[in-house]
A.B. asks: 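Supplied in structure tokens, the structure appears directly below.
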Amino acid sequence: MAQSLNFFVSTSPSPDFYSHSKLTLQTPHNHHHRLLFPFTKNPPLHLCASADNGVSAVTTNYVAQNGVSVSAGSIEVDAVTEAELKENGFRSTRRTKLVCTIGPATCGFEQLEALAVGGMNVARINMCHGTREWHKSVIDKVRRLNEEKGYAVAIMMDTEGSEIHMGDLGGASSAKAEDGQVWTFSVRAYDTLRPERCITVNYDGFAEDVKVGDELLVDGGMVRFEVIEKIGPDVKCLCTDPGLLLPRANLTFWRDGSLVRERNAMLPTISSKDWLDIDFGIAEGVDFIAVSFVKSAEVINHLKSYIKARSRDGDIAVISKIESIDSLKNLEEIILASDGAMVARGDLGAQIPLEQVPLAQQKIVEVCRQLNKPVIVASQLLESMIEYPTPTRAEVADVSEAVRQRADALMLSGESAMGQFPDKALTVLRSVSLRIEKWWREEKRHEVMDLPDIASSFSDSISEEICNSAAKMANNLEVDALFVYTKDGHMASLLSRSRPDCPIFAFTTDTLVRRRLNLQWGLIPFRLDFSDDMETNLNKTFSLLKARGMIKSGDLVIAVSDMLQSIQVMNVP
Ligand SMILES: Nc1ncnc2c1ncn2[C@@H]1O[C@H](COP(=O)(O)OP(=O)(O)OP(=O)(O)O)[C@@H](O)[C@H]1O
Ligand SMILES: CC(=O)C(=O)O
Ligand SMILES: [K+]
Ligand SMILES: [Mg+2]
């Protein structure tokens with residue numbers, strides 16, 4: 001029999017409202033313990049509850065108020081998860097989510113499908129590279145894959161930003177800079193064939209801003225030059241650290257051991273080209289927009305209201321990329337304003353000393369977790385796999401560390417965009433994630449992180465308490481899965497924040513919410529039509545999942561819901 005704890009909160013503005021909460025704890029021996037709490041709160045809340053015999057009493061009441069009916073309907077979950085659940089059972093599903101940057105190596109339909117099969121949860125397109133037509137064709141293919149083959153891959157568009165970077169390499173995929181060579185960095189636009197060892201720069205003030213003696217870092221130091229001469233728009237540079245130059249690589253320059261960033265600080269976070277790309281993203285209905293080189297919360301608030309006013313569903317999540325000194329300074333307010341964050345270690349490592357990057361990563365992951373925002377650890381996780389089929393031991397250790405920190409997601413960049421072994425790289429992320437997650441559960445490690453209260457309303461506080469308790473109960477009772485019925489995804493993310501031992505089945509009526517939840521740790525998002533009647537919802541879910549072989553009789557489940565704020569513990573009948 002189900003044991004349940006239900007709350008019912010509505011924000012009725014009635015002036016002479018009456019509110020109370022009644023908690024019922026039903027023991028197996030039918031001893032009912034009731035608690036009655038009088039409430040006076042402003043703004044007025046209507047809090048009532050509960051059921052003496054399971055869920056039916058309350059939910060019937062709720063349905064009567066809302067008149068929502070349940071259609072028989074079906075349940076949608078992505079094909080990979082379904083196979084994983086059937087094969088390995090609840091416990092061994094992967095909790096850490098995987099983002100793949102799509103590029104020339106992976107933009108074909110079959111290549112995208114191979115990544116989906118390999119566990120890609122989110123496909124990232126980087127607006128620094130390629131044309132809008134190219135990106136549109138990738139988005140179309142991913143959508144087709146989802147529709148035709150039952151995947152739920154979300155799409156993340158990453159803005160170019162207006163930091164200083166190199167142009168393309170006249171069509172070449174890379175160029176090798178050797179020690180002692182002199183290269184020219186120029187703001188000229190070359191129509192005709194450009195001279196050898198010549199790189200264009202996107203920023204007109206470049207030649208004025210650099211000084212002879214400055215150090216010029218490509219891609220955060222993958223290649224280094226020293227400025228030796230300025231001739232009009234051309235800047236002659238001596239290669240001091242050889243390496244591979246990639247198209248549109250970021251450029252930073254350093255003087256007397258410090259990053260020169262006065263000009264960068266004046267460049268807008270979202271350039272006019274970025275705004276056009278954002279319009280494109282809104283029109284295409286991407287799920288996430290990742291904003292490069294965020295400096296303050298202001299720009300994120302601006303973008304969010306822009307999206308809200310223009311997007312059909314008003315619902316594209318905004319991810320702040322933490323990759324500049326300014327973003328580290330304003331970390332908490334930026335993350336608070338955003339729907340998630342990315343530790344963009346590539347550019348971050350060009351702005352702060354490399355040895356500080358791991359600590360910055362740890363801090364960003366921690367702040368995101370506390371503020372309940374998903375966080376992606378990105379860049380160079382498996383860099384050597386761009387060229388080689390196996391990773392270095394150090395790379396495996398780096399991936400393990402990000403999983404151990406319990407980041408929501410890991411991201412492939414060049415490894416999947418233009419590397420020779422995209423599928424193998426994804427397999428490494430997948431197997432390392434599974435191994436570390438298993439270790440965590442076997443060791444019965446408990447969270448050391450204090451999760452602060454983040455609710456901004458009383459109703460949210462109840463959701464938060466319910467989710468924190470449900471996650472704790474799930475660990476203590478060693479349940480097989482948490483079920484959450486959520487319209488907007490909020491309660492699902494609160495459960496994820498607690499990083500419980502068991503997987504979280506998140507049922508939502510909304511396809512967009514379902515795809516967005518794909519970025520969050522431990523969530524298995526399902527699309528399901530459901531009502532406010534929990535008994536009906538549960539029965540329907542059990543029969544649909546049982547029919548598909550994803551759960552079986554006897555499995556122990558804790559279910560929570562955000563329409564009817566409740567916790568129930570039960571065995572699958
Ligand atoms: N759409 C694309 N077309 C061609 N090459 C791409 C594309 N996307 C990525 N690449 C290649 O893959 C490499 C790594 O991709 P990634 O998106 O991490 O680039 P990045 O420029 O380092 O990132 P960011 O600009 O966000 O800091 C790029 O340097 C580029 O060479
Ligand atoms: C991902 C990205 O933008 C970076 O690492 O710089
Ligand atoms: K970018
Ligand atoms: Mg970057």
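As the structure lists them, so they are numbered: ligands from 1, and atoms in each ligand from 1.
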A.B. asks: Which N/O/S atom belongs to Asp158 and is the closest one to the K ion (ligand 3)?
C.D. replies: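 Going by distance to the K ion (ligand 3), the closest N, O or S atom in Asp158 is OD1.
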A.B. asks: Can you name the N/O/S atom of Asp347 that is nearest the Mg ion (ligand 4)?
C.D. replies: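 So the atom name we want here is OD2.
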A.B. asks: How does Ser379 reach ligand 2, if at all, at less than 4.0 Å between non-hydrogen atoms: by side chain, backbone, both, or neither?
C.D. replies: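 Side chain only; the backbone of Ser379 stays clear of ligand 2.
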A.B. asks: Where is the nearest protein heavy atom to atom 2 (C) of ligand 2: which residue, which atom, and how far?
C.D. replies: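 Protein heavy atom with the smallest distance to atom 2 (C) of ligand 2: Ala344 CB, 3.5 Å.
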A.B. asks: Looking only at N, O or S atoms, find the one in Glu323 nearest to the Mg ion (ligand 4) and name it.
C.D. replies: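 The closest N, O or S atom of Glu323 to the Mg ion (ligand 4) is OE1.
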A.B. asks: Could you tell me how the ring of Phe225 sits relative to the ring of Phe185: parallel (under 30°), tilted (30 to 60°) or perpendicular (over 60°)?
C.D. replies: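 Judged by the thresholds at 30° and 60°, the geometry between Phe225 and Phe185 is perpendicular.
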A.B. asks: Relative to each other, are the rings of Phe206 and Phe253 parallel, tilted or perpendicular (30° and 60° limits)?
C.D. replies: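 Ring orientation, 0 to 90° scale: perpendicular.
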A.B. asks: On a heavy-atom basis, which atom in Val138 and which in Ile125 lie closest, and how many Å separate them?
C.D. replies: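 Val138 and Ile125 have their closest heavy atoms at CG1-CG2, 3.9 Å.
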A.B. asks: Between Arg124 and ligand 2, does any nitrogen or oxygen pair lie at a separation below 3.5 Å?
C.D. replies: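 No - when backbone and side-chain N and O of Arg124 are compared with those of ligand 2, no distance drops under 3.5 Å.
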A.B. asks: So which heavy atom on Ala154 is nearest to which on Arg515, and how close?
C.D. replies: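 Looking at all heavy atoms of both residues, the shortest contact is CB-O, 3.6 Å.
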A.B. asks: If you have a sec, read the angle at the K ion (ligand 3) from Asn126 atom OD1 over to Ser292 atom OG, to 10 degrees.
C.D. replies: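 With the K ion (ligand 3) as the vertex, OD1 (Asn126) and OG (Ser292) sit 150° apart.
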A.B. asks: List ligand 2 atoms under 4.0 Å from Arg345, heavy atoms only on the residue side.
C.D. replies: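 Here the atoms of ligand 2 in question are 5 (O).
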A.B. asks: Would Arg514 and Phe526 count as a cation-pi pair here, with the cationic atom under 6.0 angstrom from the ring centre and within 45° of the axis?
C.D. replies: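 No, a cation-pi geometry is absent between Arg514 and Phe526.
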A.B. asks: Might you point out which heavy atoms bring Leu434 and Thr93 nearest each other, and give the distance in Å?
C.D. replies: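 Result for this residue pair: CD2-C, 4.1 Å.
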A.B. asks: Could you tell me which atoms of ligand 2, counted from 1 in the order shown, lie closer than 4.0 angstrom to a heavy atom of Gly346?
C.D. replies: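 Matching atoms, with element in brackets: 4 (C), 5 (O), 6 (O).
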A.B. asks: Side chain, backbone, both or neither: which applies to Lys321 and ligand 2 if a contact is any heavy-atom pair less than 4.0 Å apart?
C.D. replies: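 Under 4.0 Å from ligand 2, Lys321 contributes side-chain atoms alone.
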A.B. asks: If you measure every N/O of Met411 against every N/O of ligand 2, is any gap under 3.5 Å?
C.D. replies: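 No, Met411 has no N/O under 3.5 Å of an N/O on ligand 2.
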A.B. asks: Do any N/O/S atoms of Met127 come under 3.4 Å of the K ion (ligand 3)?
C.D. replies: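 Here the distance criterion (N, O or S atom, under 3.4 Å) is not met by Met127, so no.
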A.B. asks: Knowing that exactly one of Gln380, Gln361, Glu323 qualifies, which makes a side-chain hydrogen bond (donor to acceptor under 3.5 Å, both in side chains) with Arg345?
C.D. replies: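 Among Gln380, Gln361, Glu323, the one meeting side-chain hydrogen bond (donor to acceptor under 3.5 Å, both in side chains) with Arg345 is Gln361.
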A.B. asks: Could you tell me whether Arg406 sits above the aromatic face of Trp440, with NZ or CZ closer than 6.0 angstrom to the six-membered ring centre and within 45 degrees of the axis?
C.D. replies: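 Yes, Arg406 and Trp440 form such a contact.
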